[in-house]
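Data first, discussion second: the structure below is written as structure tokens.
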Amino acid sequence: MPRTTSPRLLLVWAALVALTAVSVVVEEDAPLGLDGRAAGLLILAVALVKASAVAWEYMEAGAATRALRIGVAVALCGWLALVGGLFLAG
Amino acid sequence: MADGVVAVGSPARALEPRASRIPGGAGIWIFLAVDFTYFTAIFAAFMVDRADRPEAFAAARGTVDVLTGGLNTLLLLSASYVAARALRAMRHDERRAAGRYLLAAAALGVAFVLSKAREWAIELDHGHSPGDGGFYVYYYFAGGMHLLHVLIGLAVLAWLHRRMRTGAAVRAEAAEAGVVYWHMVDLLWILLFATIYLAA
Amino acid sequence: MNRATVRACLATGPLMALVFAIGWIAGTRWIPVPGPSMSAEAVAALYVDHRVSYLIGFTLMVLAVPLLAPWGAALALISRSGERGQPVVAYAQLVLLSCCVAVFVTLYMPWALAAYRAGEVSAETTHTMHELGWIMFIFTVPPFALWIAVLAVGILWSPREEQLLPRWFAFYSLAEALMIAPAALIVFFKTGPLAYDGFLALWLPLVSFFVWMQVATVVAWRAVTRGAAVAPGAVDRRPTVVPVACLRPVGETRPLSTSAVDG
């Protein structure tokens, strides 16, 4: 049985690992001119990328309707915006 | 029940997506939505409390180990990646590969649990307990609730692994639900890391 | 399953919520709650000043709470539709429900006593009664969480064709059980979100529980509409009675049949 060897999963993982590593470095070596929130924002970017990857993976497999995809995407973005907003406001 | 069953190991059948099928079933997404709302409420409460005492929270946050937090993030990201691989293997009826990936995901999950235990042991050693109030309540409570989710996730992975080993078929829905739960456990941790470890 | 009766029992759920809310919001008006950081004198003063409205509030709440029993019983019966043979999950639900109702009712005793003798006993006594009530109200959340979890697991473990309640509701209920369970941690905290006046230990579990109740009522109501007149799997244990004439015809000496029961 032919196996799909799409590198997408690996690439996403690598990107997430890189973003996480950068954010931890940014956090630890605070004097980069940015206030402490930069690291947090990077991690939220990690969350966004990850959530998108999961949604992509699942929507593809399930052949879900376009409406469902859009709905999930909107909900996700809205929710992440909320968390991000709380984060920035706090 | 022939509908949506992954007859993993049986050469004839693969996943047959019905039109408009919700992957994993509606139930798991509802569970995750409610769960996320709950954690968002926890983070919101954290933000509100932090707004009252920013210096105390910032000082407390300075004592937690961001490096270990970062390591834990990497552990869960990798566990999530491997679980995604496992699901793909299941879709292609590659039972042994799926079993190996599931085991790897569980091992990374266990590593997370051990790392967390060590992190907490060190914190408690430094005299920071949940009773210290303020920041630490959230640190331990959010961490604890998340840890509970990880343990549940490990049980789910173990169950899937067992089905792979014994040659039983797994409902496609159940496998997808289990793996998406694991993804969300990872996502929750990322948000926890951002809010509690990095935000203050 | 007699649909009208089951529906009547389900209706007691929203009724309970309504009366409870009136008792809390109009009676005791505990928003915010007199919490662990308040001194004994301050708490006792509250009881003295608001004695009557507190007593009205407690009375309304203690009247409302037993309504949980028929509601929970209806829910257990509807969920039983998925169980073959001995309904152990339904039994577990009923036992837990009884425990919950028992706790929920008795917890008003210390509060009522505190208001009853407010000003006549020492402030410490009033304060202790007040806190006893709170510990009983919140610390005893495990049977509630377990009740909801058992209901959820029962739904998930039953065959889809036979279970009247939808599976998504089971997942929602599992999440709900997770959200209310941490309330048991109140004994470790006197301030913060996990104290008995805290957001995570009181408000979130309390409000989410009542929301869950209303969702459950709607879901169960629809299930009753959808379900068969006799739920599949539910064995009707009433013996079939062969109708016997009540009155013997004049002149007959044949004895009335007494064992017209089979099954």
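Side chains are part of it too, since the values below use all heavy atoms of this structure and drop only hydrogens, waters and symmetry mates. Here is the naming used below: chain letters follow the sequence lines, and residue numbers restart at 1 for every chain.
Residue C:Phe139 places its CZ atom among 12 or fewer non-hydrogen atoms of other residues, nucleotides or ligands, all under 6.0 Å distant. Under a cut-off of 6.0 angstrom, the local environment of CH2 in B:Trp159 is crowded, with over 12 non-hydrogen atoms contributed by other residues, nucleotides or ligands.
With a 4.5 Å cut-off on side-chain heavy atoms, C:Leu178 and B:His149 count as touching. Proximity of C:Pro193 to B:Phe141: side-chain heavy atoms (C-beta onward) are nowhere separated by under 4.5 Å.
Taking CD1 from B:Ile28 and CZ from C:Arg167, the interatomic distance works out to 11.0 Å, rounded to the nearest 0.5 Å. Rounding to the nearest 0.5 Å places OH of B:Tyr38 at 10.0 Å from CD of C:Glu176. C:Tyr172 contributes atom OH, which lies 13.0 Å from atom CG of B:Asp35 (distance to the nearest 0.5 angstrom).
Of the two parts of B:Ile42, the backbone and the side chain both hold a non-hydrogen atom closer than 4.5 Å to a non-hydrogen atom of chain C. For C:Leu156, no part lies under 4.5 angstrom from a heavy atom of chain B. Of the atoms belonging to C:Leu174, heavy atoms from both backbone and side chain fall under 4.5 Å from chain B.
Between B:Phe31 and C:Phe171 the shortest heavy-atom distance is CD1-O, 3.2 Å.
Ranking C:Ala170, C:Pro182, C:Gly192 against chain B, the residue ahead of the rest is C:Pro182, based on heavy-atom pairs under 4.5 Å. Highest contact tally toward chain C, considering only B:Gly144, B:Ala41, B:Ala45, B:Gly134, is held by B:Ala41 [criterion: heavy-atom pairs under 4.5 Å].
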